[in-house]
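What's counted below: heavy atoms across the whole structure, side chains too, no hydrogens, waters or symmetry copies. As the structure lists them, so they are numbered: ligands from 1, and atoms in each ligand from 1.
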Amino acid sequence: MSEVASEAARRRTFAIISHPDAGKTTLTEKLLLFGGAIQMAGSVKGRKAARHATSDWMALEKERGISVTSSVMQFPYEGRIVNLLDTPGHADFGEDTYRVLTAVDSALMVIDVAKGVEERTIKLMEVCRLRDTPIMTFVNKLDREGKDPIDLLDEIESVLGIQCAPVTWPIGMGQRLKGVVHLVSGEVHLYEPGRNFTRQDSTIFPSLEDPGVAAAIGPQLLAEVRDQLELVQGASHPFDQTAYLAGKQSPVFFGSGVNNFGVQPLLDFFVEHAPAPRARATTTRDVAASENKLTGFVFKIQANMDPMHRDRVAFMRVCSGKFSAGMKTFHVRTGKEVKLANALTFMASDREIAESAFPGDVIGIHNHGTISIGDTFSEGEVLSFTGIPSFAPELFRRARLRDPLKLKQLQKGLAQLSEEGATQFFKPMMSNDLILGAVGVLQFDVAAYRLKDEYGVEASFEPVQVATARWIRCDDAKKLEEFREKNALNLSVDASGALVYLAPTRVNLQLAQERAPAVEFLATREHA
Ligand code: G4P
């Protein structure tokens with residue numbers, strides 16, 4: 001096997017999808033601990049060690065002169081290289097969160113046992129559906145009272161439309177939590193608060209029948225678990241690798257992130273079963289990860305908020321070949337040769353800027369606005385990766401200028417900000433308004449701040465009657481013209497010049513769709 005093929009085969013590139021507060025950050029910290037990203041002396045309390053990790057990470061960012069706040073975390077585990085791509089979640093939720101999911105090979109869904117499937121998880125899951133991304137599930141906070149596990153699996157199946165295959169099963173919950181049973185290996189992992197840090201630090205019995213189990217959890221709970229398992233094994237699906245890889249079935253794990261319980265079985269299963277980088281579609285052909293020539297695409301652009309460093313970092317997912325520091329690449333959209341001299345890599349354990357990257361890895365490329373979302377890099381071949389869309393914004397505001405003479409700067413600023421992909425900018429056909437769309441509310445504050453700071457424009461953003469946006473496509477030129485005339489009041493163009501329908505209400509959108517059956521209303525727009 002070539003170096004590229006074998007390095008690709010051991011990569012596991014994924015993201016965590018969850019609703020805020022389900023425990024994504026906590027679980028991330030635990031996973032990094034397993035990866036040895038943080039040096040541990042003896043038994044360190046998880047959270048404390050993790051705080052230390054965060055500050056180390058920030059120091060690293062300072063050193064590199066740019067904020068890449070845990071955008072990508074890479075760590076080795078059991079002979080594999082795991083790349084965890086961050087999905088900004090709380091106030092920083094935005095279109096980038098969605099687009100990160102186009103750059104991963106699989107996802108891990110974290111669900112709060114008490115809250116079940118929540119709204120943001122549903123949205124993120126819809127994005128995973130676009131590419132049938134394989135998903136594993138971690139049901140978190142088992143140390144608290146929550147929903148009955150069987151009901152919870154039903155909920156996941158019915159709300160998210162994905163089959164569940166429990167791989168671990170909880171023994172008790174909340175105050176009564178005693179452990180988990182591994183349904184594939186049969187092992188019983190005892191829950192011992194303050195321990196469970198690693199396998200070595202845990203009590204593990206080979207099976208439920210081991211006399212030690214009855215002694216540890218008591219005959220009553222043991223009988224309950226046996227009954228439950230009978231029910232579960234009768235009613236649920238056994239793990240099926242093919243169904244998982246097709247995005248049709250999700251293996252499910254139970255545990256408690258903050259107690260680091262149930263995390264190692266999840267990680268062990270993950271590195272073994274989650275997909276390595278697979279072939280990706282381009283405008284001309286499918287590119288296999290094992291190909292020797294470098295290809296990759298840009299899925300995220302992060303501007304530096306530090307005025308001392310006015311550059312941007314473009315995050316490129318490597319799809320094939322090997323990246324070596326200083327190599328020359330071909331920037332397909334501009335047709336220019338670009339030397340990738342000081343690209344960033346994101347190795348959590350190795351503080352050096354690494355010299356190479358392989359399929360599944362992400363590198364950060366410094367630039368001054370020449371690189372856009374969706375751009376492809378190659379070693380000369382003209383091809384563009386597909387499946388890196390813009391997503392219809394969910395929030396809209398009208399830009400209001402303090403100084404009307406600065407309209408030009410405002411337009412330029414909004415257009416450039418929208419190239420970075422966190423916000424989108426629309427010009428209605430029938431008015432002089434400038435409308436900004438985003439999927440997270442913080443983006444409007446960031447836009448206002450940056451317009452002032454970088455373009456010298458004081459603007460505020462006020463509410464506007466737009467509920468949702470759809471890109472318009474119609475192959476029949478006559479029908480399209482007819483549609484444009486009839487709907488001019490609701491039509492606008494985005495920064496790329498594409499036609500967009502801005503619907504004042506969801507009902508209006510539905511009616512418009514019914515009235516124009518020949519016209520497609522698209523919730524995503526391809527960059528390529
Ligand atoms: P997020 O990134 O998904 O938003 O969630 P995060 O990890 O920040 O966790 C949200 C809260 O849930 C945190 O509490 C965290 O400690 C807690 N949590 C995470 N995993 C578990 C678990 O397994 N059991 C229990 N009981 N709680 C858990 P917080 O009070 O907001 O923060 P902190 O003061 O604990 O840091």
Worksheet item: Backbone or side chain, does any N or O of Gly257 fall under 3.5 Å from an N or O of ligand 1?
Response: yes
Worksheet item: So is Gly23 polar-close to ligand 1, meaning N/O to N/O under 3.5 Å?
Response: yes
Worksheet item: Between Arg99 and Asp96, is a salt bridge (Lys or Arg N to Asp or Glu O under 4.0 Å) present by the stated rule, with each step listed?
Response: CA-CA 5 Å; Arg99 213 175 293 102; Asp96 282 341; 3.4 Å; yes
Item to complete: Could you tell me if any non-hydrogen atom of Asn140 lies under 4.0 Å from any atom of ligand 1?
Response: yes
Worksheet item: Does the cation-pi check pass for Arg120 over Phe93, that is, NZ or CZ under 6.0 Å from the six-membered ring centre and within 45° of its axis?
Response: yes
Worksheet item: Which is closest to atom 11 (C) of ligand 1 in terms of heavy atoms, Lys141, Glu29, Lys24, Arg120?
Response: Lys141
Fill in: Atom indices of ligand 1 within 4.0 angstrom of Ser256 heavy atoms, with elements
22 (C), 23 (O), 24 (N)
Using a 4.0 Å heavy-atom cut-off, say whether [X] meets ligand 1 through its side chain, its backbone, both or neither.
{"X": "Asp143", "result": "side chain"}
{"X": "Pro20", "result": "backbone"}
{"X": "Arg144", "result": "side chain"}

Check residues 149-157 and write down every donor-acceptor pair under 3.5 Å in which the side-chain atom is one partner and the other belongs to a residue at least two apart or another chain.
residue : atom : partner : partner atom : Å
Glu155  : OE1  : Lys147  : NZ           : 2.8
Glu155  : OE2  : Val117  : N            : 2.8
Glu157  : OE2  : Cys164  : N            : 2.6

Worksheet item: Residues in salt bridge (charged side-chain N to carboxylate O under 4.0 Å, His left out) with Glu209, at least two apart?
Response: Arg226
Worksheet item: So, do Phe75 and Phe34 have ring centers that fall under 6.0 Å from each other?
Response: no
Item to complete: Examine the side chains of Tyr191 and Asp143 and answer whether a donor and an acceptor come within less than 3.5 Å of each other.
Response: no
